[in-house]
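What follows is a set of notes on a single structure, which appears directly below.
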Amino acid sequence: MKFFFKLSILFLSILFTRNSILLAQTNSKTIIYLDENQNQTNESIFVTKRKNFLYTSTTYKSDSLDIHLLVNAYEFGKLNQQENKQIRNLISRDKAQEINEDKNIIISYMDTLRGYKPYYKGNSNQLVTSEKKHTNRLVKFDNRQEKCKEQFNVFNTEVIYYFGSKENFNYKPKHFEWKPIPQPIFDICFQTHFSRHILLKPNGEYFIYRYMPEKILKKLIGTPWDSYFNDFETAKKTGTYNRPGIFSKIVPSYYHSNKECYRDSYF
């Protein structure tokens, strides 16, 4: 809601300030760059920050407007007491069980659950994948979640699965349940329509991530985060490829194993 409120204000401002120095015109299309806090920035700053492994990006397009938005791929932070309590109460409601205050929580958020849609290679009649293969991926993901939940229960960790929207998605999992994400959780934790995970500790400290090896995720659950916050601040300053401390163990998502729990590529 915060993000779309900002976009509405932005659209109105464009109507009255067409000559803003932060706007670029390409083939009569307005191009806007927003940082990770949804504030306007210029292309140079956007591109530089995008090279840092802490960030990724997404684009919203219309006939006359392209909005390039920087997204936190990895972030350490801390919720205030009210936000922490609100999130735990909403998750308790959605899971129909009380979530103890001493529980760690993993929120696994999938922005869009997509059903099968035929895609073809180039101009050929050759399918990129079949409906059967698509369904098999869903079944494998479903079966894997049973083992994942068992693993993380040992670490006093509750897991919940949220989604933003569905597109022709009719598969019903056997071992977990997708829940529509409550607006307060979206506003507090994500703010942007981009699939990610959050590890939330009892004291309100959180870690947003796209992909993290299980052994590192378990390490995060079991250790204090003071040094990790320092690693995060260092990573923001040092830029592109330097991955200090805990981040040195992060593997890019395209190297992931399909047996990992709570990773960024679901299906």
Side-chain angles (χ1 to χ4, degrees), residues 1-6 9 34-39 54-55 69-111 148-149 151-164 176-210 212 216-237 244-247 250 261-262 264:
M1 185 175 294
K2 293 179 182 177
F3 172 62
F4 289 104
F5 176 76
K6 283 194 174 185
I9 297 298
L34 302 179
D35 66 16
E36 69 277 18
N37 298 311
Q38 291 106 50
N39 295 318
L54 292 175
Y55 303 103
L69 173 64
L70 207 63
V71 179
N72 288 313
Y74 298 95
E75 179 188 20
F76 281 99
K78 187 170 184 178
L79 305 179
N80 62 43
Q81 187 175 5
Q82 182 180 354
E83 291 171 331
N84 190 17
K85 184 176 181 180
Q86 184 179 19
I87 286 175
R88 290 173 182 275
N89 287 341
L90 288 168
I91 291 175
S92 293
R93 180 201 68 186
D94 289 342
K95 290 184 73 72
Q97 68 182 66
E98 186 67 27
I99 304 298
N100 295 333
E101 292 182 357
D102 66 344
K103 281 271 190 181
N104 302 295
I105 295 173
I106 293 176
I107 300 175
S108 188
Y109 172 62
M110 187 71 168
D111 181 61
C148 289
K149 287 190 291 183
Q151 287 183 41
F152 282 87
N153 278 339
V154 176
F155 291 86
N156 194 35
T157 301
E158 195 70 41
V159 182
I160 188 160
Y161 303 81
Y162 281 127
F163 71 93
F176 71 99
E177 185 176 3
W178 287 109
K179 293 281 189 177
I181 190 166
Q183 192 66 48
I185 293 182
F186 179 83
D187 288 344
I188 293 169
C189 296
F190 298 100
Q191 300 183 10
T192 304
H193 291 281
F194 201 94
S195 301
R196 285 165 293 170
H197 309 274
I198 285 186
L199 169 60
L200 176 62
K201 300 193 84 173
N203 64 359
E205 290 180 340
Y206 67 82
F207 179 53
I208 294 177
Y209 64 99
R210 288 189 64 189
M212 181 69 79
I216 304 301
L217 183 56
K218 291 173 182 177
K219 180 178 180 179
L220 286 170
I221 291 172
T223 56
W225 286 6
D226 291 347
S227 64
Y228 304 152
F229 275 88
N230 292 334
D231 294 339
F232 176 61
E233 292 302 321
T234 300
K236 286 197 293 186
K237 297 173 184 177
I246 190 71
F247 293 107
I250 293 177
C261 295
Y262 316 121
D264 100 300

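Position 1 is the first residue of the sequence, and the numbers go up from there.
- For Asp226, the side-chain contact (heavy atoms from CB on, under 4.5 Å) criterion is met by no residue, not counting sequence neighbours.
- Evaluation of the side-chain contact (heavy atoms from CB on, under 4.5 Å) rule for Lys219 yields Thr223, Tyr228, Ile246 as partners, not counting sequence neighbours.
- Atom-to-atom distance recorded for Ile160:CD1 and Ile99:CD1 is 7.5 Å, nearest 0.5 angstrom.
- Distance CG/Leu54 to NZ/Lys236: 8.5 Å, rounded to 0.5 Å.
- At least one donor-acceptor pair closer than 3.5 Å links the side chain of Asn84 to the backbone N or O of Pro202.
- Residues Glu83 and Lys85 are not paired through a salt bridge, judged by the lack of any N-O separation under 4.0 Å between the basic side chain and the carboxylate.
- Pro182 and Tyr162 get closest at one heavy-atom pair: CD-CE2, 3.4 Å.
- In this structure, Phe229 and Gly77 approach most closely via the heavy-atom pair CZ-O, 3.5 Å.
- Between the Asp35 side chain and the Asn39 main chain, a donor and an acceptor come within less than 3.5 Å of each other.
- Closest of all the heavy-atom pairs between Cys189 and Ile107 is SG-CD1, 4.4 Å.
- Closest non-hydrogen pair, Glu36 versus Tyr55, comes out as OE2-OH, 3.7 Å.
- Partners of Phe155 by side-chain contact (heavy atoms from CB on, under 4.5 Å), not counting sequence neighbours, listed by chain and number: Thr157, Lys218, Ile221.
- Environment of CD in Gln82: sparse, with no more than 12 heavy atoms of neighbouring residues, nucleotides or ligands closer than 6.0 Å.
- At least one side-chain heavy atom of Leu217 sits under 4.5 Å from a side-chain heavy atom of Leu199.
- For the pair Glu233/Asn230, no side-chain contact is recorded, criterion being any heavy-atom separation below 4.5 Å from C-beta on.
- Atoms OH and NE2, from Tyr74 and His197 in turn, are 9.5 Å apart once rounded to the nearest 0.5 Å.
- Rounded to the nearest 0.5 angstrom, Ile105 CD1 and Ile91 CD1 are separated by 4.0 Å.
- For the atom pair Leu79 CG and Tyr206 OH, the distance stands at 6.5 Å (nearest 0.5 Å).
- Take Lys78 and apply the side-chain contact (heavy atoms from CB on, under 4.5 Å) test, not counting sequence neighbours, and it matches Glu205.
- Ionic pairing of Glu101 and Arg88 is not present here: no N-O contact between side-chain nitrogen and carboxylate oxygen is shorter than 4.0 angstrom.
- In terms of heavy-atom proximity, Thr192 sits nearest to Val71 at CG2-CG2, 3.9 Å.
- Judged purely by distance below 3.5 Å, without hydrogens or angles, the side chains of Gln191 and Asp187 never pair a donor atom with an acceptor atom.
- By the ring pair (Phe, Tyr, Trp, His ring centres under 6.0 Å) test, Phe207 pairs with Phe76, Tyr209, sequence neighbours left out.
- Looking only at distances, a side-chain donor or acceptor of Asn156 sits under 3.5 Å from a matching main-chain atom of Asp102.
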Report task. Please test Leu200 against Ile87 for side-chain contact (heavy atoms from CB on, under 4.5 Å), starting from the C-alpha separation and ending with a verdict. Result -> CA-CA 10 Å; Leu200 176 62; Ile87 286 175; 4.0 Å; yes
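- For Lys95, the NZ atom sits in a packed shell: over 12 heavy atoms of surrounding residues, nucleotides or ligands are nearer than 6.0 Å.
- Phe190 is linked by a ring pair (Phe, Tyr, Trp, His ring centres under 6.0 Å) to Tyr109, counting only residues two or more places apart in sequence or in another chain.
- A donor-acceptor contact shorter than 3.5 Å links the side chain of Ser195 to the backbone of Asp111.
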Query raised in the report: Is there a side-chain contact (heavy atoms from CB on, under 4.5 Å) between Phe232 and Glu75 once you walk through the steps?
Result: CA-CA 7 Å; Phe232 176 61; Glu75 179 188 20; 3.7 Å; yes
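- For the pair Arg196 (side chain) and Asn72 (backbone), a donor-acceptor distance under 3.5 Å is present.
- With rounding to the nearest 0.5 angstrom, the CD atom of Glu158 is 8.5 Å from the OG atom of Ser92.
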